[in-house]
Amino acid sequence: MQTSTVLLILVALAAISFFVGRKRSHLVAVGQGGAYGLHSLPKHYGYMAALWAGLPALLVLILWVGLESRVLTNMVVSQLPAEIQALPESELGLYFNQIVSFAQSGSDALGLSESQVAAAGYYQELLADSRVMKASLVFLVAVIGCLLALQRISPTLRARNHVESIFTWILFACSFIAVLTTLGIVLSVLFEAIRFFHAIPVTDFLFGLQWSPQMAIRIDQVGASGSFGFVPLLVGTLLISTVAMFIAVPVGLMSAIYLSEYATRRFRSLTKPVLEILAGVPTVVYGFFAALTVAPFIRNLGESIGLSVASESALAAGIVMGIMIIPFVMSLSDDIINAVPDSMREASLGMGATMNETIRKVLLPAALPGIVGGILLAVSRAIGETMIVVMAAGLSAKLTINPLEAVTTITVQIVTLLVGDQEFDSPKTLAAFALGLVLFFVTLLLNVIALYVVRKYREQYE
Amino acid sequence: MNSMTVTADGVISSPATARADLDIREHEHVSHYQTIGEPFVDNAKMSARNVNVFYDDKQAIFDVSLDIGGNEVIAMIGPSGCGKSTFLRVLNRMNDIIPICRVQGDISLDGDNIYGSDQDTVLLRARVGMVFQKPNPFPKSIYENVAYGPRIHGLAHSKAEMDEIVETSLRRASLFDEVKDQLDKPGTGLSGGQQQRLCIARAIAVSPEVILMDEPCSALDPIATARIEELIDELKANYTIAIVTHSMQQAARVSERTAYFHLGKLIEVGDTKEIFTMPKHELTENYITGRFG
Ligand SMILES: Nc1ncnc2c1ncn2[C@@H]1O[C@H](COP(=O)(O)OP(=O)(O)OP(=O)(O)O)[C@@H](O)[C@H]1O
Ligand SMILES: [Mg+2]
């Protein structure tokens, strides 16, 4: 039986348990003067039965599916001839994969050894057994769970509280999964990065001024000793982000002020959705806007006043990235300015201040910490942005702070290091993880600062 | 402008007549209501004539005419929602910031129409200050709170002058002694009563001529209230004060004249003593004796 079928039947079982549980609560209530004699509502007894039937069985199912392939592999491998078991891990893996694909597709056994064909048969048998056992075990657990719940149902059973606490645990488990995933990602990046640092010293990476991650594929290749100094990438990233912020912060902030303090309700209701659309445009679209429109424009402009501008420039990428972030800065600032109590506006206007003075002297200072927090969040978005830079700022890792030249950023280099055919244990590939780690720390730092500032701001009016 | 002449004598003041047009709810569509008592005074600082105020289509003030005499304290009382705050805010055009609010009629300060086209809300609000129901100091230092208005209007030309203004204002609001060592601490860190006195200090720092107070004590305890009332008593030597209050006792204690509003109409106005001892309109009587509202 397929896992999906098992799952469907399990849901059906839980539904049935619900009705049975509810029915049973009615029955036990008869002696107590009807449903009023129950501690909880009948439906709570139903929920309880359903949860007892469904949850443990679901857990068993998940465990089974998770462990199945590993157990089967071990069982099949242990049946293989001894000389094959003695093969190194990677070859054994290949050997085993052939068995599995033969077993699953039944394609012709050409090129497979006798023992592989035999093992494939054994594998199929095991698989069939496993399916039957999985289904029966899951249903057994479900039925037992349901029966246990039904047996416990009595007028004094606090089913409502019981269901409540089960839900608390479910919610906890979900949030735990989110945390666990993040942790997993960080750890895997961390371990790969450590492998990278075995090959390239940390200091070379952190303080090196040159980035050219070419490794010799053959020992005798010339001119291919990679250098992995990440400073040019950091500078490039900061350069582009700075340009972006110079665009996004003033425009975003001022339009937020306009929207929250001056705009009519009608204008606001028209503008907000447009800006939300702007925020929803995929960055790759911004990317070719940058590459095809902004970058040539800047180059022509620069040439007309006698500047030499690279056809891919940090300026172009930064400007477009800034445009991309405007809605983000704007809607954050708008919320924050709106959160300043009206009594502040009244106090200032009542003193004879103009709207403009009120904004500059009262609203902005009061909202400043929140706005700073919002801007830091926007910066971490700019730092993480990849697509626009790939398309508009080029790939050359030049150490420069001239925005008219082509630069590259951390995220772009991660992408270029990992696309295409790569060996997975060369420093070139592993460098991507080191970059990822650095990026993670930079954005983490910014977010922590942002959260701290924002939290401090919240306390002001509470 | 003189279409409505109200006198305190004869016909109108007789209780029988007053009761005849008693429940004005039935007459809500009639925009003319003849105020009982004497809404006009000789030395009017501000005067309102035939003022109607609308929020969208909903009328909140019906044909109110009232003078506020120089250096007097006038109390405005009435049940919740009767338009006291609305009327008060019309007097320094704070209602301009509510887009749906429309004002008809004439309101003048020292004889100049404040809604005239040559009028400037900045100057008007410097001359007619406001203290709000809930203390609303800026999240700035105590010093900066008081210095805010003088800065905006360029009243001080040096740091010393500004210090002087801040100190006098705080003294007048009888707050200086309590805060003189912590002028650089945030104003929001003071107690509620202190905050309200800070707001009063802030309002008088620009030397307004009129101070409008909208329930200034409603968030305060009796002791702080007493302080503010003393303060109002002292301030009336130099300022004209209009105060909205829900407390009869407060109105009786601090004001010289009292105006009673009901459902957007100015029902009765007169000397505070008279209003509280011999109310002429039944609605007024019911309200001040606590049988109503
Ligand atoms: N911003 C506004 N928009 C629409 N209607 C308003 C607004 N402000 C006040 N009103 C209406 O105007 C009427 C008078 O309100 P106002 O605030 O002046 O009453 P009030 O006498 O001050 O009451 P309270 O004693 O409760 O403060 C009320 O019916 C109210 O609903
Ligand atoms: Mg009010």
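Sequence lines set the chain letters: A, B, ... in the order given, protein chains first and strands last, and positions in each chain run from 1.
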- Query: Considering heavy atoms only, which positions within residues 143-152 of chain B lie below 4.5 Å of chain A?
  - Reply: B/Tyr148, B/Gly149, B/Ile152

- Query: How far apart are the closest heavy atoms of B/Val206 and A/Met351, and which atoms are they?
  - Reply: CG1-CE, 4.1 Å

- Message: Using a 4.5 angstrom heavy-atom cutoff, name the option from A/Glu357, A/Met355, A/Arg265, A/Glu346 with the most pairs to chain B.
- Response: A/Glu346

- Within a radius of less than 6.0 Å around CG of A/Leu444, do more than 12 heavy atoms belonging to other residues, nucleotides or ligands occur? yes

- Message: Counting neighbours of CZ on A/Phe441 that are heavy atoms of other residues, nucleotides or ligands and sit closer than 6.0 Å, is the number greater than 12?
- Response: no

- Spatial distance of atom CD (B/Gln133) from atom OG (A/Ser343) [nearest 0.5 Å]: 11.5 Å

- Contact listing (chain A partner; residues 86-98 of chain B; heavy atom under 4.5 Å): B/Arg89, B/Asn92, B/Met94, B/Ile97

- Task: Assess whether atom NZ of B/Lys236 is packed by more than 12 heavy atoms of other residues, nucleotides or ligands within 6.0 Å.
- Result: yes

- Item | Side chain / backbone / both / neither for A/Thr264 at chain B, heavy atoms under 4.5 Å | neither

- Task: Locate the shortest heavy-atom distance separating A/Pro365 from B/Lys140; write the atom from each residue and the value.
- Result: CG-NZ, 4.3 Å

- Task: Kindly give the heavy-atom pair with the smallest separation between B/Phe138 and A/Ala347, and that separation in Å.
- Result: CE2-CB, 3.8 Å

- Which answer fits B/Pro137, side chain, backbone, both or neither, if we ask what part of it has an atom under 4.5 Å from a heavy atom of chain A? backbone

- Hey, is CZ on A/Phe167 packed in by over 12 heavy atoms from elsewhere, all under 6.0 Å? no

- Query: Would you find more than 12 non-hydrogen atoms of other residues, nucleotides or ligands less than 6.0 Å from A/Glu164 atom CD?
  - Reply: no

